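Below: one structure, written as structure tokens.
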Amino acid sequence: MEQRALLTNLRGIVTPDPARAWAVDYIENGAIALENGRVAWLGPSKELPSEWQNANKLDGKGRWASPGFVDPHTHLLFGGDRSQEFNRRLQGVTYAQIAAEGGGIRETVRATRKASLEELVALGEERLGKLARKGVVHLEAKTGYGLSLESELRLLEAYGELQRRGWSLDVTLMPAHDIPQEFQGDPAGYAKVVAEQWQPELVKRQPGVARFCDVFVEKGVFTPEQGRQVLASGKALGLIPRIHADEFGPTGGAELAAELGAASADHLMFASDAGIKAMAEADVTPTLLPGTTLFLGMRDWAPARKMIAAGCRVALASDFNPGSCACLDPLLILRLGCLQLRMTFEEALTAVTLHPARSLRRKDLGHLQVGALGKVLLWEVKHPLELVYWLGETYVPETIG
Ligand code: NIG
Ligand code: FE
């Protein structure tokens, strides 16, 4: 049977438009007609087509409607936490020093390897629940804290189980997130094993779970050449590349993303001008993670303005992980986009909805135009700008759909 409903009594609707890169529509006193879970019509209530006049009503209670948030970069599943390390960093020890002592990512790898499949699924449900309550309706999530074939497979199985339980989740294979203890001093050897053996094996053992692949290209981790090898192998398996690039220094990661036709290049605090131009030309989505810059106490905010000026469709993401951004708060990311990356409210809103959905190849998410999935957030505000303006204020949306 056809499901028809009319979301009415809205103070307004705010939504990007996939047909226009950075345009945001504000529709006051709006209504949204939903048919089989998709937007069939939206506009001012007084223009509602007669065929919808008698549809079942959902009362918007005078709130503003926006599309649900899409988070295109998380490391959702990991064991343990790194709060002790966080406190050491506050005492002046650097992220790099902690990593050199065998802590950092390696510590999380030890904890993740100990976690059972059931524990990982339970952690995933808890974190996804928190994100959902804050308005995240779809996200990307990476493996990469296992760093052994067995443990990466368990992470992938846990993601598959979360998908089966109905969470809206795109999975990214990332065994090349760091160099595991077993390959210490041999990043080239590890990149080769990941490219030639593990990725094919992971895809074969859990077919259809992962859609993307990723690698951490950075000084002291993987070179662009090794990154190319890992991502090319992923591509040959039907995965779409994403890349951790230019986070602590310029390493040519943005250029590599463009060369490989990656869906996104992420971090980019130190992306070069040539890299920015190349991303714009190749339609790579620069995915900026201002929560990480904040959490690491860095001052090198990614050059969002330069990227927008170059024609890039910038996205914002949480980078949720235990070491460099223990944050499950999409509003904080939106606020940092405005306050530190100097994006306008409309740009930042587009960067947490439409552009991440586009980089995840999800045409029907991240906006509320006709055809979109009817995943609507309802906010109790007089105007959506308040979500950023009242800094630190807690807003909890109701999610429809
Ligand atoms: O995306 N850059 C690499 N990886 C993570 C940090 C991981 C960690 O510290 O556990 C990131 O920021
Ligand atoms: Fe990351």
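Residue indices begin at 1 and follow the sequence shown. For clarity, every value in this text was computed on a predicted model and none was experimentally measured.
S233 is linked by a side chain to side chain donor-acceptor pair (under 3.5 Å) to Q199, counting only residues two or more places apart in sequence or in another chain. Contacts of Q197 classified as side chain to side chain donor-acceptor pair (under 3.5 Å), with partners at least two apart in sequence or in another chain: none. For R335, there are no side chain to side chain donor-acceptor pair (under 3.5 Å) partners, not counting sequence neighbours. Annotation: ring pair (Phe, Tyr, Trp, His ring centres under 6.0 Å) contacts of F86 (sequence neighbours excluded): F295. Take H75 and apply the side chain to side chain donor-acceptor pair (under 3.5 Å) test, not counting sequence neighbours, and it matches H73, H244, D319.
Side-chain atoms of D246 and H267 form no donor-acceptor pair, as typed in the model, at a separation below 3.5 Å. If you check the side chains of R89 and T94, you find no donor sitting under 3.5 Å from an acceptor. In the model, E346 has a side-chain atom that pairs as donor or acceptor with a side-chain atom of Y26 under 3.5 Å. Neither side chain, N29 nor S45, offers a donor N or O lying under 3.5 Å from an acceptor on the other. Between the side chains of S318 and D71, at least one donor N or O sits under 3.5 Å from an acceptor N or O. Residues Q229 and Q226 bring no donor and acceptor atom of their side chains to less than 3.5 Å of each other. At a cut-off of 3.5 Å, with distance as the only test, no side-chain donor of E218 or T251 sits close to an acceptor on the other residue. Inspection of the Q3 and N56 side chains reveals no N or O donor paired with an N or O acceptor under 3.5 Å. With hydrogens and angles left out, the side-chain atoms of R242 and S359 include a donor and acceptor closer than 3.5 Å.
Side-chain contact between P67 and L365 is absent, with no heavy atoms from C-beta onward closer than 4.5 Å. Residues V314 and T350 have side chains not in contact (no heavy-atom distance under 4.5 Å, counting atoms from C-beta outward).
Because its NZ or CZ atom is both nearer than 6.0 Å to the ring centre of W52 and within 45° of the ring axis, R4 counts as a cation-pi partner of that residue.
Pairs of residues two or more places apart, or lying in two chains, that qualify as salt bridge (Lys or Arg N to Asp or Glu O under 4.0 Å) and include a residue from residues 125-134 are E125-R165, E126-K130.
Using cut-offs of 30° and 60° for the angle between ring planes, the Y190 and F222 rings count as parallel. Ring pair Y395/W379 is perpendicular by interplanar angle, where above 60° counts as perpendicular and below 30° as parallel.
K375 places no side-chain N or O within 3.5 Å of a backbone atom of G135 that could act as its donor or acceptor partner.
Pairing each heavy atom of A210 with each of L156, the nearest pair is CB-CD1, 4.2 Å. Contact detail for A141 and Y159: the closest heavy-atom pair is CB-CE2, 3.4 Å.
No close placement of the H383 and Y389 rings is indicated, their centers lying 6.0 Å or farther apart.
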(request) For salt bridge (Lys or Arg N to Asp or Glu O under 4.0 Å), just list the numbers for R164 and E161, CA-CA rounded to whole Å, side-chain angles, deciding distance to a tenth of an Å, and then say yes or no. (result) CA-CA 5 Å; R164 276 189 295 280; E161 176 59 22; 3.3 Å; yes

